[in-house]
Amino acid sequence: MEEIKTDVLVIGSGLAGIIAGLEASNAGSDVVITGKFAIGMGTNSSLAGGFFAAETSSFSKEAHLNETLTYGKGLNKKKLVKVMTEKGRIGIEKLLEYGVPLVEGKRGYEVKGEEGSSQLPGVIMMKALVDRIRKSPIKLFPGLNIFELIVEDNEIRGAFGFLRDGRNVIVYSKAIILATGGGGGIFFRNDNQKSILGDGYAIALKAGLPIFDLEFVQFYPFVLAEPRLSSIILVPPFPKEMRFFDAQGRDPFEDSEIKGDYHKGIIFYRDYLSIRLYEASKRCDVYCDLRDVPDWKWMRFPLNFLIKSKFPFRKRPFLISPAAHFFMGGVEIDESCRTEISGLYACGEIVWGIHGANRLGGNALTECLVFGEISGKQAAQYAKPKEFKLSPLMKKKSEKRIKEYLKKKKGAFERPKDILREIKDLAWKYAGPVREETGLKEGLDRLRYIEEKVERIYPEELKDLFLKKDLENISIILKAILKGSLIRKESRGSFFRKDFPKQDDENWLKNTSYKLENGEIIISHKSLCHSERSEESFNITTG
């Protein structure tokens with residue numbers, strides 16, 4: 001067993017995690033950053049369109065605040081939104097210091113490469129930040145998959161996990177920052193990195209923390225759905241010549257309120273566009289057509305990125321579909337990024353409260369930037385006077401848990417890859433953009449059957465150990481989404497119940513809390529103000 005000691009452990013290496021690590025290091029802390037795969041490039045941040053919503057000369061903090069709250073449909077934590085909108089511009093200045101090329105636009109800032117560059121803005125951004133951390137004293141552990149946190153007396157002590165070569169590792173840490181991202185990868189159709197499977201939510205639940213509003217998942221409408229192509233999103237600016245039609249030649253957005261302004265639609269109406277496209281694609285295939293785009297536009301980003309593919313985008317239409325994009329739910333933090341566990345902080349998509357029922361376009365990266373900086377500084381400040389603590393009993397328990405993960409069990413062998421595909425299909429079919437009671441109940445019944453198959457997996461090879469852990473995490477998160485969706489009898493923001501299509505402020509202007517108790521998801525609802533904390537509890541059974 002390998003043992004590591006550090007002041008601050010950052011779990012996750014996207015924009016939020018790297019900014020947090022840099023700020024903690026700048027404050028004088030020893031810092032370790034872990035990533036399931038490559039540092040920086042194996043994250044959703046590297047796939048980002050590179051737009052930061054923030055104060056500009058023509059877009060005020062107040063306008064940013066109001067747009068975020070309006071889009072959140074009444075479920076935002078206003079204090080956190082104020083922090084983000086107040087400090088967004090400061091974060092942009094910090095990012096410029098770190099070498100990320102940014103230019104000011106009407107509603108924020110964009111990552112810009114050299115003229116004619118076909119690199120994704122997210123790749124440009126993450127390359128600059130990874131270069132920065134490699135010049136810092138931060139220790140990087142790519143391939144270290146954290147399985148569980150070590151918590152004693154409601155205070156963080158460290159975490160344990162496994163490296164890709166099979167070595168088990170205990171990290172003793174005075175403070176930990178969760179920056180693991182969301183869980184879009186649990187859906188068959190998604191535009192996330194394949195490793196984004198809700199790990200952070202499962203880690204937090206197992207540590208005893210509640211997770212809020214997991215039923216609110218944002219779907220991005222314009223995602224490539226050709227069988228042999230990666231699920232890449234079409235990012236703005238969109239050419240005015242772009243058209244959509246189904247197999248019968250009908251425009252799924254005809255007579256819609258966006259009136260062909262897809263740029264405005266992707267910022268303000270993602271939920272509407274995704275639902276409309278999802279319903280249309282259930283009837284027949286839907287295509288995007290770029291054949292009328294003039295040659296000169298293909299020389300500029302983002303179209304010059306598309307033509308790097310062997311697919312003939314300029315010659316024929318291609319299949320398009322909505323896909324899981326972003327989780328609004330997550331861990332509760334205060335304005336200092338503190339969770340309910342002392343020494344545990346969180347930033348980025350794993351955090352709940354900023355986006356409410358739906359995320360305004362451009363706020364994902366701004367959130368990572370602002371709260372990454374805060375969490376890094378706060379974690380370093382917390383760790384500075386602390387000493388490493390781990391009682392002999394707690395150490396023994398952690399070592400026992402590690403052995404349990406490695407223990408081979410007798411029984412029928414199940415193929416983890418097959419189960420992974422099955423559970424992703426289930427998530428897309430029953431917890432996709434459009435949900436309804438019959439399907440949600442059927443999904444819960446099918447998930448219970450899949451969970452039984454996951455229990456029968458025993459890791460013959462190292463890859464099976466990691467796949468089984470992924471499947472266990474996905475099962476927990478998907479069960480929570482299905483249960484929470486079944487209880488919430490309304491439609492709000494990104495959440496759409498076909499059998500309850502109206503927003504119901506009288507009964508549902510409240511947040512959903514999920515806790516893990518004895519392996520079961522327990523759900524309650526908390527009043528919007530979060531000071532009264534009146535609760536209703538639910539324990540759904542299926543069958």
Side-chain angles (χ1 to χ4, degrees), residues 2 4 6 8-21 31-48 122-123 126 129-130 133-134 138-149 158-171 173 176-187 190-207 230-231 324 326-327 330-331 346-351 368 372 402 405-406 416-417 420 423-424 459 461-477:
E2 187 170 339
I4 301 169
T6 187
V8 177
L9 168 64
V10 182
I11 306 174
S13 64
L15 174 61
I18 287 180
I19 293 295
V31 178
V32 165
I33 297 180
T34 70
K36 286 179 75 173
F37 293 98
I39 299 295
M41 293 305 166
T43 66
N44 279 350
S45 297
S46 65
L47 301 177
V123 170
M126 296 311 292
L129 291 173
V130 170
I133 58 172
R134 292 197 188 284
I138 295 171
K139 298 180 181 69
L140 306 178
F141 281 83
L144 177 52
N145 191 333
I146 297 297
F147 276 34
E148 293 184 23
L149 302 178
F160 69 80
F162 295 85
L163 287 160
R164 288 285 158 182
D165 61 8
R167 285 176 291 162
N168 47 72
V169 179
I170 288 185
V171 183
S173 184
I176 289 180
I177 301 172
L178 284 177
T180 51
I186 75 174
F187 292 86
N190 73 86
D191 60 18
N192 285 209
Q193 294 277 14
K194 65 179 181 179
S195 60
I196 307 299
L197 299 172
D199 302 359
Y201 305 129
I203 288 170
L205 284 166
K206 289 178 181 179
S230 298
S231 298
F326 188 92
F327 276 41
V331 174
C347 58
E349 190 175 345
I350 191 175
V351 167
C368 290
I402 290 172
Y405 280 112
L406 294 170
K417 276 192 174 181
L420 181 62
I423 201 169
K424 285 188 172 199
E461 301 177 16
L462 270 177
K463 62 180 181 180
D464 295 333
L465 170 67
F466 295 109
L467 275 172
K468 179 172 183 178
K469 187 60 185 170
D470 286 341
L471 288 167
E472 289 172 344
N473 289 345
I474 294 171
S475 297
I476 291 171
I477 304 310

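For clarity, every value in this text was computed on a predicted model and none was experimentally measured.
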_Derivation of the side-chain contact (heavy atoms from CB on, under 4.5 Å) call for N473 and I203_ = CA-CA 8 Å; N473 289 345; I203 288 170; 5.8 Å; no

I need the minimum non-hydrogen distance between [X] and [Y], along with the two atoms involved.
X    : Y    : answer
A204 : V331 : CB-CG2, 3.9 Å
F187 : A324 : CD1-CB, 3.4 Å
A159 : I176 : CB-CD1, 4.1 Å
T180 : G200 : OG1-CA, 3.1 Å
V10  : G17  : CG1-O, 3.5 Å
G21  : I33  : CA-CD1, 4.1 Å

Please round to the nearest 0.5 Å and tell me the distance separating atom [atom1] of [X] and atom [atom2] of [Y].
X    : Y    : atom1 : atom2 : answer
F37  : N145 : CZ    : CG    : 7.5 Å
I186 : L197 : CD1   : CG    : 8.0 Å
F466 : R164 : CZ    : CZ    : 4.5 Å
L163 : E2   : CG    : CD    : 6.0 Å
C368 : I19  : SG    : CD1   : 9.5 Å
I4   : L9   : CD1   : CG    : 8.5 Å

Please check: side-chain N/O of [X] versus main-chain N/O of [Y], any donor-acceptor pairing under 3.5 Å?
X    : Y    : answer
S13  : G40  : yes
K468 : P416 : no
S45  : G14  : no
E349 : G330 : no

*asked:* Within the structure provided, determine whether F327 and I477 are in side-chain contact (heavy-atom separation under 4.5 Å).
replied: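 Side-chain contact under 4.5 Å: yes.
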
*asked:* With heavy-atom distances below 4.5 Å as the criterion, would you say the side chains of L467 and L420 are in contact?
replied: yes

_Does R134, at its CZ atom, have more than 12 non-hydrogen atoms belonging to other residues, nucleotides or ligands within less than 6.0 Å?_
no

*Evaluate side-chain contact (heavy atoms from CB on, under 4.5 Å) for T43 paired with I18, printing each intermediate quantity in order.*
CA-CA 11 Å; T43 66; I18 287 180; over 6 Å; no

*Apply side-chain contact (heavy atoms from CB on, under 4.5 Å) to the pair D470 and D199, showing each step before the final yes or no.*
CA-CA 7 Å; D470 286 341; D199 302 359; 4.2 Å; yes

*Can you list the steps and then say if I196 with N190 is a side-chain contact (heavy atoms from CB on, under 4.5 Å)?*
CA-CA 10 Å; I196 307 299; N190 73 86; over 6 Å; no

*How are the rings of F162 and Y405 set relative to one another: parallel (under 30°), tilted (30 to 60°) or perpendicular (over 60°)?*
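Aromatic pair F162/Y405 classed perpendicular.
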
